[in-house]
Amino acid sequence: MKLSELIRIQETLRKKIEPVYSGNNVQFVAGCDVAYTHENSIACVVVMKMSEMSIVETSFHKEKTRFPYIPGFLAFREANAIARAIAKIKTTVDVFILDGHGIAHPRRMGLATHAGILVDRPTIGCAKSLLAGTYRMPGKEKGDFSTVIIDNEVVGICLRTKKGAKPVFVSPGNHMDIENSIKIVLQCTANYKTPEPLRLAHIFANRKKNMEA
DNA sequence: GCGACAG
DNA sequence: ATCTTGTCGC
């Protein structure tokens with residue numbers, strides 16, 4: 001498939017973005033991540049109870065990797081596997097946190113946005129580095145943040161989730177807004193810079209990969 | 001043309 | 001992301 005076609009798909013999906021979180025107070029949060037083998041993609045979803053940060057359910061989905069990693073098109077590589085793993089979850093999850101950007105993307109279609117549209121559920125993107133845009137380094141205290149701007153638009157934030165640790169980039173996916181994104185990410189982050197559900201999904205996906213390998 | 005570029 | 005052990009630093 002040509003890159004120009006993928007861009008057309010992103011521009012079409014972009015029109016479906018719902019920039020508002022109309023859910024209730026978050027009771028269940030989930031982290032989604034993918035680990036790779038030479039030929040397979042292993043997606044993992046970890047659902048946790050927000051109030052106790054305890055695991056309530058996990059799911060996995062393995063499939064052949066059909067798309068390479070191309071900056072700006074990560075969703076075409078991971079979104080399907082993640083959507084399938086999410087489909088196996090029985091718990092009614094309030095919000096899903098994904099490893100990548102939401103609308104902090106050239107066409108506002110980062111992994112979290114794309115996957116959020118596929119499953120039609122609230123999603124937040126939490127990336128370790130910037131894909132596009134500009135920002136100022138935030139303060140060193142937990143909770144300090146600065147805005148990420150693309151095309152003169154605030155699309156997300158650079159957030160310090162842990163004192164002294166490298167900040168993460170948070171942006172709304174689908175059915176989500178910046179304010180709630182910040183609140184939710186900070187709410188499920190304690191001893192590590194990465195939100196607990198996402199941190200565990202990363203560990204579990206890799207554990208699963210190393211077993212069959 | 002040059003440099004940047006989530007996982 | 002993946003290939004990989006110990007090691008420097010708070």
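Basis for what follows: all heavy atoms, side chains included, without hydrogens, waters or symmetry-related copies.
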Original post:
Whole-Å distance between C:dC10 P and A:Lys163 NZ?
Top reply: 14 Å
Original post:
Are A:Asn80 and A:Glu63 close enough that a side-chain donor and a side-chain acceptor fall under 3.5 Å?
Top reply: yes
**OP:** Kindly indicate, with the supporting measurements, whether the criterion side chain to side chain contact (heavy atoms under 4.5 Å, CB included) is fulfilled by A:Leu74 and A:Tyr69.
**Re:** CA-CA 6 Å; A:Leu74 176 63; A:Tyr69 166 66; 3.9 Å; yes
Original post:
Whole-Å distance between C:dA1 C1' and A:Lys62 NZ?
Top reply: 18 Å
Original post:
Roughly how far, to the nearest 0.5 Å, is the CE atom of A:Met53 from the CG atom of A:Leu200?
Top reply: 9.5 Å
**OP:** Could you walk me through whether A:Glu11 and A:Arg107 pass the side chain to side chain contact (heavy atoms under 4.5 Å, CB included) test, one step at a time?
**Re:** CA-CA 7 Å; A:Glu11 296 178 328; A:Arg107 289 169 295 284; 4.3 Å; yes
**OP:** For DNA chain C, list all stems, counting runs of three or more consecutive pairs where every pair is Watson-Crick or G-U wobble with both distances under 3.5 Å.
**Re:** none
Original post:
With sugar-phosphate meaning primed atoms plus P, OP1 and OP2, does A:His114 contact a base, only sugar-phosphate, or nothing at under 4.0 Å between heavy atoms?
Top reply: nothing
**OP:** Identify whether any heavy atom of A:His105 sits under 4.0 Å from a base atom; if not, whether one sits that close to sugar-phosphate; answer base, sugar-phosphate or nothing.
**Re:** base
Subject >> side-chain N/O A:Lys209 vs C:dT2 OP1/OP2, d < 4.0 Å >> reply: yes
**OP:** Have a look at A:Tyr69 and say if it touches a base, only the backbone sugar-phosphate, or nothing, with a 4.0 Å heavy-atom cut-off.
**Re:** base
Original post:
Do A:His175 and A:Asp120 have side-chain N/O donor and acceptor atoms under 3.5 Å apart?
Top reply: yes
Original post:
A:Lys208 NZ to C:dA1 C1': how many Å, rounded?
Top reply: 19 Å
Subject >> Value in whole Å for how far the C1' atom of C:dT4 lies from OH of A:Tyr36 >> reply: 20 Å
**OP:** Give a yes/no verdict on a cation-pi contact between A:Arg77 and A:Tyr36, requiring under 6.0 Å between NZ or CZ and the six-membered ring centre and an angle within 45° of the axis.
**Re:** yes
Original post:
Quick check: are there more than 12 heavy atoms from other residues, nucleotides or ligands sitting under 6.0 Å from NZ of A:Lys49?
Top reply: no
**OP:** Using the heavy-atom set of chain A and a strict 4.0 Å cut-off, write down the first and last nucleotide of DNA chain B that makes it in, 5' to 3'.
**Re:** B:dC5 to B:dG7
Original post:
Does A:Arg199 count as lying over the ring of A:Tyr192, i.e. NZ or CZ under 6.0 Å from the six-ring centre, within 45 degrees of the axis?
Top reply: yes
**OP:** Ignoring backbone atoms, test whether A:Asn206 places a side-chain nitrogen or oxygen under 4.0 Å from the OP1 or OP2 oxygen of C:dT2.
**Re:** yes
Original post:
Distance from A:Phe67 atom CZ to A:Phe73 atom CZ, nearest 0.5 Å?
Top reply: 7.5 Å
**OP:** Check every strand shown and say whether A:Phe73 touches a base, only sugar-phosphate, or nothing at a heavy-atom separation below 4.0 Å.
**Re:** base
Original post:
Touch check for A:Gly72, heavy atoms < 4.0 angstrom, all strands: base, sugar-phosphate only, or nothing?
Top reply: base
